[in-house]
Amino acid sequence: MNASFRAIPSVDAILRSQAGTKLVARFGRVEAISAIRHQLEAQREAVRVGADIADADSIGLAALAELEASSVNSLRPVFNLTGTVLHTNLGRAVLAEAAIDAAAAAMRSAIALEFDVTSGKRGERDDHLRALICELTGAEDATLVNNNAAAVLLVLNTLAGHGGGAIVSRGELIEIGGAFRMPDIMARAGARLIEVGTTNRTHEKDYQSALAEDGVALILKVHTSNYRIEGFTSEVEAPALSRIAKAAGVALVNDLGSGTLVDLAQFGLRREPTVREAVAEGADIVTFSGDKLLGGPQAGIIVGRKELIAAINNNPMKRALRVDKLRLAALEATLKLYRDPDRLMEKLPTLRLLARTRDDIAAQADMLLPLARQSVGEEFTVEVVECSSQIGSGALPLDTLPSAGLGFRARSGSGRALEALAGALRALPAPVIGRISDGTLILDLRCLEDVDGFATNLGGLRNAMA
Ligand SMILES: *Cc1c(COP(=O)(O)O)cnc(C)c1O
């Protein structure tokens with residue numbers, strides 16, 4: 001026993017081996033030695049239970065594999081084949097090349113973030129985008145924060161922070177994923193929630209009678225992003241709410257959620273009010289997200305009346321919620337694409353993906369079918385299937401887009417084989433994320449743009465499944 005332990009190669013011997021040299025060149029001595037020690041421990045354990053002693057090079061190779069695996073970034077690219085275009089868990093909007101370039105440039109050098117290059121004096125970080133946002137939305141003024149949740153929090157805190165009443169319809173007291181619940185946000189903002197109406201019906205007179213209470217600061221309209229109430233329903237539309245708010249001398253705040261700058265009907269989707277329309281309808285403040293339908297980086301955009309925006313900017317919380325230079329640069333470049341509507345679809349991934357036709361996607365699926373069949377082997381059948389994509393991130397929850405994909409079914413056995421296949425796809429160098437529905441693993445190809453990369457990646461599946 002002792003004799004065989006002594007035959008295990010030393011750390012030095014492994015460092016001198018071919019694999020050891022490579023190991024040091026790639027990861028440096030410190031990491032190399034630590035991985036070798038780790039592998040030597042495993043080797044001693046293996047020898048204890050009767051395994052043969054590995055040579056120095058093999059142990060060096062194992063250490064190399066260990067370091068390679070741990071050097072892969074956790075935030076590496078994945079293939080989003082879930083069929084949900086704006087998947088919150090997969091990072092929502094994929095950015096336009098112009099936005100990527102702008103963010104990279106802002107990382108690589110100093111930028112005039114809070115510096116006015118004309119006057120040489122201190123500037124405001126939001127000023128870079130202010131005029132652009134006003135131009136695209138028709139608003140008087142604009143400001144930016146970390147995300148739309150922050151926008152809602154900051155607006156409520158500024159306008160109703162010391163127990164001011166905020167009137168909301170019971171049909172709009174939403175919960176969005178990740179513990180964003182409107183009543184909780186209002187409480188944290190220091191506002192006093194005044195619920196009006198019922199779940200399915202709220203009328204003008206409900207708002208009117210609530211306005212008779214003392215200390216009402218605002219009326220909040222919330223876009224019911226992730227659900228729709230149908231049937232015997234009634235809500236008070238923004239123009240009427242604006243009239244009511246004005247007469248009472250309180251602000252109307254409209255949380256649009258996703259907020260789109262373009263008419264979505266051109267993509268065959270239900271018409272959503274655009275930000276410009278929400279502003280024109282008389283809201284004093286409108287809030288929306290940067291990384292939902294807008295197709296930019298995570299951000300919360302607040303637009304509206306000049307004096308209210310000024311008050312919001314003066315709130316000390318603004319400093320804690322501000323946007324960093326990378327995202328400001330990416331957002332500016334994204335918004336500039338909207339100035340050229342003719343080429344917007346081609347340049348903005350979110351809209352480009354939403355606009356893909358079923359036929360286009362099905363043709364891609366036909367092309368990839370032989371490779372998919374070859375990659376999974378005899379255990380599974382693969383067919384081109386019809387499916388429906390979703391927009392995601394709570395935008396138009398009930399609207400789906402006809403799509404196509406690759407459908408994998410296990411020839412025998414239970415859902416276990418399918419789960420194993422889904423796991424193997426997620427274990428690829430660029431994890432492939434699909435969805436399982438009715439005994440079929442579906443890879444919806446709507447969001448597949450890098451076809452070559454996908455094909456190469458899929459080639460690794462046979463080894464993974466073996
Ligand atoms: C998504 C959404 C939010 C939160 O926006 P984030 O950008 O995710 O912080 C707030 N309100 C509504 C209505 C939403 O749809």
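In each ligand, atom 1 is the first atom listed, and ligand 1 is the first ligand listed.
When non-hydrogen atoms are compared, ligand 1 lies under 4.0 Å from the side chain of Ile174 (C-beta onward) but not from its backbone. Here Lys292 has side-chain heavy atoms under 4.0 Å from ligand 1, and that is the only part of it that gets that close.
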* To do: Begin from the C-alpha positions of Arg243 and Glu204 and carry the test salt bridge (charged side-chain N to carboxylate O under 4.0 Å, His left out) through to its verdict.
  => CA-CA 10 Å; Arg243 201 171 17 79; Glu204 289 195 20; 3.6 Å; yes
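Less than 4.0 angstrom separates some heavy atom of Ser289 from each of these atoms of ligand 1: 5 (O), 6 (P), 7 (O). Taking every non-hydrogen atom of His223 and a distance limit under 4.0 Å, the qualifying atoms of ligand 1 come out as 13 (C). Ligand 1 places these atoms under 4.0 Å from at least one heavy atom of Phe180: 10 (C). Of all atoms in ligand 1, numbered sequentially from 1 with element shown, those under 4.0 Å from a heavy atom of Ala149 are 4 (C), 5 (O), 6 (P), 9 (O).
Using a 4.0 Å cut-off between charged nitrogen and carboxylate oxygen, Arg130 and Asp141 count as a salt-bridge pair.
The only member of Leu156, Ile167, Leu308, Asp284 that meets side chain to side chain contact (heavy atoms under 4.5 Å, CB included) when paired with Leu218 is Leu156. Leu261 pairs with exactly one of Leu344, Thr137, Thr274 by the side chain to side chain contact (heavy atoms under 4.5 Å, CB included) rule, that one being Thr137.
Ligand 1 lies within reach of Arg92, whose nearest heavy atom is under 4.0 Å from it. In this structure, Asp255 counts as a contact residue of ligand 1, since one of its heavy atoms falls inside 4.0 Å of the ligand.
Taking each heavy atom of Ala210 and Val216 in turn, the nearest pair found is O-CG2, 3.7 Å. Listed here is the closest heavy atom pair of Lys318 and Leu144: CE-O, 3.1 Å.
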